[in-house]
Amino acid sequence: MTRRHWGAIAALLILGVGTSYRSLSSQSPATATLQGDPSHPASTQGWVDTRLYFGLGPADIPDKGISEAAWRDFLDKEVTSRFPAGLRDVDVYGQWQGKGKSSPSRIRSKMLIIDYPDTAQNRASIDAIRGAWKERTHDQSVLKVTQPADVSF
């Protein structure tokens, strides 16, 4: 391509960027919160933040224990079906000292963070998730930490 062609391309790009910027800046300013979605309200009362901790297997042996595919299957079947509005899934490192053990085990883990209205049905859903994991994996426990949350989407 000649220098003239490159110049024409550059001019078109500059004009396109300028036009896009003007069209964006002429729109009304965005609000800080999501509007019009009852599943994700702009403000909440009576919501809680629950963190669930799941052991997947030994930290030092990544191929042993629960695979990523098995974890996603559990999420789809047991968690998302109960909390379809959303959650966060975080890889974490954990340690667990089981009954009668002299030292803790190092564990590949997942932390689910779920924010929801604090109702009896939602609390039962959280307990059902914990029970389903223990049944599936034969783990002794699924750590649950719940605290009040000021949530805004």
> Which pair of non-hydrogen atoms, one from Ser67 and one from Ala70, has the smallest distance, and what is that distance?
Replying inline: OG-N, 3.0 Å
>> I want to check something: taking the side chain as every heavy atom from C-beta on, are Ile66 and Trp133 in contact at a cut-off of under 4.5 Å?
In response: yes
>> How long is the straight-line distance from CD1 of Ile126 back to OG1 of Thr146, given to the nearest 0.5 Å?
In response: 6.5 Å
> So, do Pro104 and Trp96 sit near enough that their side-chain heavy atoms are less than 4.5 Å apart?
Replying inline: no
> Given the rule that I, L, V, M, F, W and Y join up when any side-chain heavy atoms are under 4.5 Å apart, are Val90 and Trp71 in one cluster?
Replying inline: no
>> On a heavy-atom basis, which atom in Gln140 and which in Gly98 lie closest, and how many Å separate them?
In response: OE1-CA, 4.1 Å
> side-chain contact (heavy atoms from CB on, under 4.5 Å) with Leu52: which of Val79, Ile129, Ile113?
Replying inline: Ile129
> Are Val48 and Phe83 grouped together when hydrophobic residues (ILVMFWY) are joined by side-chain heavy atoms under 4.5 angstrom apart?
Replying inline: yes
>> Take a 6.0 Å sphere around CD of Gln97 and say whether it holds more than 12 heavy atoms from other residues, nucleotides or ligands.
In response: yes
> Closest approach of Ser109 and Gly55, non-hydrogen atoms and distance?
Replying inline: OG-CA, 4.2 Å
>> Quick one, Leu75 and Leu112 - any side-chain contact, counting heavy atoms below 4.5 Å?
In response: yes
> Tell me the salt bridge (charged side-chain N to carboxylate O under 4.0 Å, His left out) pairs involving residues 97-112, sequence neighbours left out?
Replying inline: Glu68-Lys110, Asp89-Lys110, Asp91-Lys110
> Between Asn122, Val151, Asp49, Leu87, which is the residue that forms a side-chain contact (heavy atoms from CB on, under 4.5 Å) with Tyr116?
Replying inline: Asn122
>> I need the minimum non-hydrogen distance between Pro58 and Lys64, along with the two atoms involved.
In response: CD-O, 3.7 Å
> Side chains of Val92 and Arg51: does their closest heavy-atom pair fall under 4.5 Å?
Replying inline: no
> Heavy atoms, side chains only, cut-off 4.5 Å: are Asp127 and Lys144 in contact?
Replying inline: yes
>> I need the minimum non-hydrogen distance between Glu135 and His138, along with the two atoms involved.
In response: O-CE1, 3.8 Å
> Name the one of Leu143, Val142, Asp139 that satisfies side-chain contact (heavy atoms from CB on, under 4.5 Å) with Arg130?
Replying inline: Val142
